[in-house]
Each structure stands twice: as C-alpha cells, then as structure tokens.
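Every number for a ligand or one of its atoms is a count from 1 in the order of the listing. Remember, it's a predicted structure, so these values are computed and weren't measured experimentally.
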Amino acid sequence: MDPILSGLLKPKSIAIIGASSTPGKIGHTVVKNLLDSGYEGGVYPINPKDEEIMGFKCYRNVKDVPYVVDAAVITVPAKLVLEVTRDCGEKGVKGLIIITSGFAEVGDHETEEALVELAHSYGMRILGPNIVGTLSNSDNLNASFAPFLPLNGKASLVSQSGALLIAMDAASFVRRVGFDKMISIGNMSDVNFSDMIAYLNEDPDTSCISLYVEGLKDGPRFIEEARKATKPIVVLKSGTSAHGAAAAASHTGSLAGAAKIYGAAFRQAGVSQADDLNDLFDRTLVLSLQPRMTGDNLLVLTNGGGVGVLATDAAEKYGLPMKFAPADVQEELKKHMPEFGSAKNPVDMTGMAGNDWYYTTTKFSYAHSWVDGLVVLYCETAMTDPQGIAESIYKGVHESGVTDKPVTVSFVGGERSDKAMAWLVENGIPAYGAPDLAVKAMGTLREDARMVEMSRSSAFLPENVDSAKARKVIAGARANGRAALTEIEAKQVFAAYGMPVTGTELATSEEEAVKFAAQIGYPVVMKIVSPDILHKSDAGAVKVNIKDEKMVREAYKTILDNSLNYKADAFIDGVAIQEMAPWATEVIVGSVNDSTFGPTVMFGLGGIFVEVLKDVTFRVAPISVEEAFTMQGEIKSAAILHGVRGDGPRDKTALAKVLATYAYMIHDLKDEIAESDANPVIVYEEGKGVKVVDARIILTKK
Ligand code: ACO
C-alpha cells in the first residue's frame, strides 16, 4: 500500500489546523468527531490562541507538535491555506485533508495549483480541497464534519460531492448498506478517483469500491486502474448532458455525448454503473457482500406464484432469462413441496412452505453445480415466521459449504419481514423489499462478471500497418492549410491501416475519368472532390451506377457544373472515380477525440437508425475483437445484422475486425485525427466481407 496515502487515510496521528473551541465551527466539529468516533491515534489541535481544546493540548503551530504527525486536517480560511501547508511540509506531515473551500471550484485554479506544487515539493499528498473529510470504521476515524461514522460494512465510498457523502452517511443506516470508509475528494487537486481505486483495491477492510462521480480528470488512467482492480467497482455518474455536439463537424461528433462515452468507458473498465442513488445503494449492497455470478443459470425459490412471475420478468429484463431446472434438480425439489407445487423454475413451494422446506431447498439448490446464482423469495403468511424463514435460508446457504456463488433474497411483507431482512443483511445475505430488486442484484453480479472478463481481452493489433504513409497524407493536407482530408486522402489513411476501402482514383480531366473508370471496372460512382463541398449529395455532385464511357463523360461535366452552381468559389481538386460497391446492410463507423477519454470509436446501423433513432454505441480506443462483437450486439437494431426478411446473417466477423482496426487507427493517430467517419460501410453476407464506401477525417488543431 502506498505509504503516503496510508498516512493520509489511515493516519496514526492527526493535527487539526484551525481547530476551534467554538461549537458550530467546522474546526470544532472535526475535533469533536475524532473524539466521538473513538480514534486512538494522536490528536493535535492547532490554534494560535488556545491552550487546550476538548481536553487535547493545543499548539500554536503544527511545527510545535513534539510528535510525528501523519495527516493534517485543514480548516482555516482559504487565504491561510498556503501558509499552513508550508508549515506541514516543514513538519514532515504525509498528507493534507483540506476541508477549506474557495479554490478551483470558484475559479481560483492558480492558488490550487500552487498548493499542489508546494505540497508535492515536500512529498505530501492532498485530499481536496473543498471536502467534508474522511471517515473509516475500521480505524474509528471520523476526520470530517459529517455527523457520525456510517453503518459499519465492507463497501467504501469515494465521493466528489461532500453534501452527498454526508447524506449517504446518514442514509446508510436506513438503507442497511454498510461502509467501511467514506472519502470526500472534492476538487481532486491531487488525489483522484484512480488513486483511490488503486488504494482501496489493496485495503483489507474494503470489498467493494463505490463511487459518486461528477467528472473524471484522467479518463485513460481511470480505465487502467479500474481494470487492474480485483474488487468490484460501482459508480453513480451525474451530469449526463451532451457536450460538444453543436460544434461537431462530423456525423459521429454530433452523436457523441458525455453520458454515452462515460457509459462505454465504465463498461470497458469493468465498472458497474448505477442508474440513480437508490440503485447505487442496491448495487453497493450486493457487490460488497456477494461474489460475482460466473454463469447464466439462475434458480428462483419461492412460496408464491405472483412474486415468482415478477422475478421471471425481471430476470429477462436484467440479462438472466430463466431456464427450466434440469430433471435431477426438479426431482429432488419436488420432495419439498405439495403435489400442486412446481419444481420447474421458479420453484414454487407454495404457501405451505415453512422453515424446513426453505432450509432443505436452499441448501440443495445452492450446492447444485447447475445453479450459478440463487434468488430466494418469500411472501409473509400467517403460518410462517419471517425470522424463522431468514434463519433457515442462512443455515441452508452456510451448510451447503459453497462460497463462490451468489445468493440474494426478497421478503415481501410487513415489519416482521423487514426485521428479518435486516438480520439477513447483517449476516452477509443481501435482502431487498421487492422480488425484481433481488433479481436485479443478481443481474448486477452477472453483468459484473461479464464486464470483467471482457475488460481483460487484449486490444486488437492489425498487421501490415503503414502509419508513416498515413501520416504523410495528413502532412500533405496540413501543408495545404486544410483542417479536413478529402475523401480520397481519408481513404488512403484508412487503407494504410488495412481498412477495406472501395478503390478510388482522382481524375482531373474528362480523359482521366474515362481511363480510371475502365481500370476500376464498370459500374462506377463519380463524386466531386473539394475541401469546400463536404455535403456532396446536397450539391448534386454524386452520380452512381455509371455504366460506360459516355455516361462517364456526361457525369464529369454535370458534377463540375453542379458543384460550381452550389458554391461558385469552391476549390475543386477533381472528380473521384470509385468502385461501385453492391448494396447490402449499411453501417456507420466513426470517431471523436473525447476530452476525458481520448479517441473513441462509434458504431451503428446507417440511414434512419443513425439519423433519427441515434442508435449507436461507443468504446474508448483501442478495443479487442471480442469487444467489437459486443458493440454489434448492443445497438437496438442488432437483429438486422442477424439477417431479416430472408437475408442471411451479415459478416459480423469481418465487421468486428474493421471496428477493431478502426479503433487501433484512431488511437495510433490520436494526435492527428479529431473526428472521423467511415459512412457508409457496407456489410455483406457472412463470409463476404465489408466495404468502406465513404470516408471523412477532420484533423486536430495544431
Ligand atoms: N493556524 C491555526 N489556526 C488558525 C490560524 C492558523 N494560522 N489562523 C486562524 N486560525 C483559527 C482561527 O482563529 C479560528 O479559530 P477560533 O474559532 O478559535 O477563532 C479557526 O482557525 C478557523 O478560522 P475562522 O477564520 O474562524 O474560519 P471559519 O471557521 O469561519 O471558516 C472554513 C473556515 C470552515 C475552512 C471556511 O473557510 C470554509 O472553507 N468553509 C467551507 C467548508 C466546506 O463546506 N467544505 C466543502 C465541503 S463539501 C459540501 O458541500 C458539504
């Protein structure tokens, strides 16, 4: 474990700079909280006026403390923070917990940067500024102005919002979700989410890392640390408005939004994304108490048909469609239900199920090799005692001897059921007040296992890449003062990475057009090539299905006339003569250079799917071929790629390779390509490949 971060988050001694004897002041509350939380390390209040605060000897300056000081909580006004930071550096403090507000969050980036520079010059790390502080049950440490330590548990929360952390602290008791640590990171001037993931992954008191994120500063490092982490990570991301869309020059740019790209990055990093605050609690509970679900077989035990059906619906919704249990499982389970019960799955033991049946069916099902995850449901009845049922489930789970597969529970009933569920949670079994939530929790564990597996697949490395050639084409365009490549240039760049582009030549005379058309082979497509005409069809500057020399000559003239009518002063490079790819399923592949995560690849079906429905999916580049397959399955219109209306399945293998190659290309050229599109890309039947028909590249500003 990083010794400096340990000094900051697990300090053996703490100075409170700005400690106050006046109740109601933050500097007072922090000292009181350290006392109330039972902190056993050294507590050294620092205040130039006081001799003693709450029984602790007070020092005028941190440098006067005659003992080692690991961490300093700073609660003096912003204008004094630099000065006390220098004092801490000279004292040899390891880390600063800067509660004080009034830095980058109000626009003062300069002081905040100076603060970090100063702290680093002494080898100190900074938590904050603009934070509530840090709390840890395992260290009896409340170094914050949050009212008390959270409900004790195995999750640890890292929050960018201080107020939300305080709220979740109090809510942990009501929601019965236990936390070991709650760490406020505020402005993240120094210590950020990536540092916290790396630290908490090593922390023996944390089993699940729970994050509230407003924005990340270093996307690629976040992905890297999250991928390395062996513990589950769950995130609630706020601020989902689109960014940059208005200014986007390419198609992909207008479809990219912060929310979509964050979502993609979380999936790639193996991070479970919560829909809202309730969901953050629900996911944190299950991820902190249960192992991941490594197979698809879900078994549901119930004493009520209604909740069984609700569970079945939820199972389909959350990616775990129910299957009938195998014959041997059904046979055994039939012994623990009346004639009119059902052993299929959901296993309905009927309202006659009591403690014994819950115990035996739980123990048997949980231990059976077919079962990858078990959900136990219970509806409160007059003949049963919820606490007895809870204890029977617990006993069944524990006596099965199994520890590597998950179980969740839902009791539907009144106060007695609620108490029984609290008992289950205290004993490590997540329990929810609705059957769909217990199934959703299981879906979270399955999704987490799938994401982790995918996040470990290695990025695709295409063969025979000629990046020098691609860079030469780009340099040529830059030398001409252009910010966008022509279609022909963009295709040359794509081809240098092995993308299957349609053959294209640039004709600068009618005669050349005729020559190239004959070389490429009829029919051909002809298009204007002009940096001033990006929307060629609107200008009437595209002609398709040109079948012979006569048509080439006519088209050449028409395209030039139409282009000049569209934009009289347009600079014309010439007319592209292009192989006419037969039509099949049209898709779009594109990229944007995201400000947080860098180059990001997009995929969707072409035409109305992208124009109207915006049915697209993203990944941060580079990606693996497996990930490229997943992208194809993720869009709502995925069924079209499987083949519809008599068409055979499309060549998903070739498409996956193109997507992965494209991602490699935009990553390799991230200093050059700002946005790009391969649109349309035609996907043929299985085994028949893919063709990139049109290409666009917008260059980065240099
Ligand atoms: N060394 C040590 N103590 C000093 C020094 C010094 N060099 N100089 C002054 N002090 C003492 C002061 O005398 C005072 O003690 P006293 O009560 O005995 O007089 C104490 O430090 C605090 O200084 P004040 O000037 O009284 O400042 P105050 O307590 O009003 O405010 C604070 C300081 C809390 C840091 C304020 O500036 C601030 O930033 N508040 C916002 C904190 C916050 O909300 N953080 C984000 C949380 S996230 C969320 O939204 C919940």
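- Counting heavy atoms under 4.0 Å from ligand 1, residue Phe145 touches it through the side chain alone.
- Taking a cutoff of 4.0 Å between a charged side-chain nitrogen and a carboxylate oxygen, Glu634 and Arg619 qualify as a salt bridge.
- Asn192 places no side-chain N or O within donor-acceptor distance of the main-chain N or O of Leu216, the cut-off being under 3.5 Å.
- Distance check for atom 28 (P) of ligand 1: every protein heavy atom is found at 4.0 Å or beyond.
- At the shortest separation from atom 21 (O) of ligand 1 among protein heavy atoms lies Gly18 CA, 3.2 Å.
- Ion pair Lys440/Asp436 not flagged as a salt bridge, since none of the NZ, NE, NH1 or NH2 atoms sits closer than 4.0 Å to an Asp/Glu carboxylate oxygen.
- Interface of Ile99 with ligand 1, defined as ligand atoms under 4.0 Å from a residue heavy atom, comprises 42 (C), 43 (C), 45 (N), 46 (C).
- For ligand 1, one of its N or O atoms has an N or O atom of Ser101 under 3.5 Å away.
- Assignment of Pro77 to the shell around ligand 1 is supported, since a heavy atom sits closer than 4.0 Å.
- On a distance-only criterion, Lys25 and ligand 1 share at least one N/O pair closer than 3.5 Å.
- For atom 48 (S) of ligand 1, the closest non-hydrogen atom of the protein is Gly162 CA, 3.6 Å.
- Counting protein heavy atoms under 4.0 angstrom from atom 51 (C) of ligand 1 gives one or more.
- Protein heavy atom in closest approach to atom 7 (N) of ligand 1: Val84 CG1, 3.9 Å.
- Annotation for ligand 1: atoms under 4.0 Å from non-hydrogen atoms of Leu80 are 8 (N), 9 (C).
- The pair Arg86-Glu83 does not count as a salt bridge, with every side-chain nitrogen at least 4.0 angstrom from each carboxylate oxygen.
- Remark: the backbone N or O of Val68 is paired with a side-chain donor or acceptor of Ser13 at under 3.5 angstrom.
- In terms of modelled atom types and a separation under 3.5 Å, the side chain of Ser161 and the main chain of Leu164 share a donor-acceptor contact.
- Atom 5 (C) of ligand 1 has as its closest protein heavy atom Val76 CG1, 3.7 Å.
- When only non-hydrogen protein atoms are considered, atom 18 (O) of ligand 1 lies nearest to Asn47 ND2, 2.9 Å.
- Using modelled atom types, one side-chain atom of Tyr432 and one backbone atom of Asp282 make a donor-acceptor pair closer than 3.5 Å.
- Here the shortest heavy-atom distance to atom 1 (N) of ligand 1, taken over Ile17, Asp87, Ile16, belongs to Ile17.
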- Task: Kindly determine whether Phe597 and Phe618 satisfy ring-ring contact (aromatic ring centres under 6.0 Å, His included), including the steps that lead there.
- Result: CA-CA 11 Å; Phe597 294 100; Phe618 287 84; over 10 Å; no
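- Among the atoms of Ser20, some N or O lies under 3.5 angstrom from an N or O of ligand 1.
- The nearest protein atom to atom 32 (C) of ligand 1, hydrogens excluded, is given as Thr75 O, 4.0 Å; this is a heavy-atom distance.
- Distance alone, capped at 3.5 Å, places no donor-acceptor pair between the Arg125 side chain and the Gly95 backbone.
- Residue contact check for ligand 1: Gly102 places no non-hydrogen atom closer than 4.0 Å to it.
- Closest protein heavy atom to atom 46 (C) of ligand 1: Asn130 OD1, 3.2 Å.
- Close approach of ligand 1 to Lys49 (heavy-atom distance below 4.0 Å) involves ligand atoms 13 (O), 16 (P), 18 (O), 19 (O).
- Listed by first and then second residue, the ring-ring contact (aromatic ring centres under 6.0 Å, His included) pairs that reach into residues 206-234 are Phe222-Phe266, sequence neighbours excluded.
- Pairs of residues two or more places apart, or lying in two chains, that qualify as side-chain hydrogen bond (donor to acceptor under 3.5 Å, both in side chains) and include a residue from residues 61-73 are Asn61-Asp87, Lys63-Glu90, Asp70-Lys94.
- Atom 49 (C) of ligand 1 has Ala163 N, 3.7 Å as its closest protein atom, hydrogens excluded (heavy atom only).
- Of the charged side-chain nitrogens involved, at least one lies within less than 4.0 Å of a carboxylate oxygen, so that Lys181 and Asp203 count as a salt-bridged pair.
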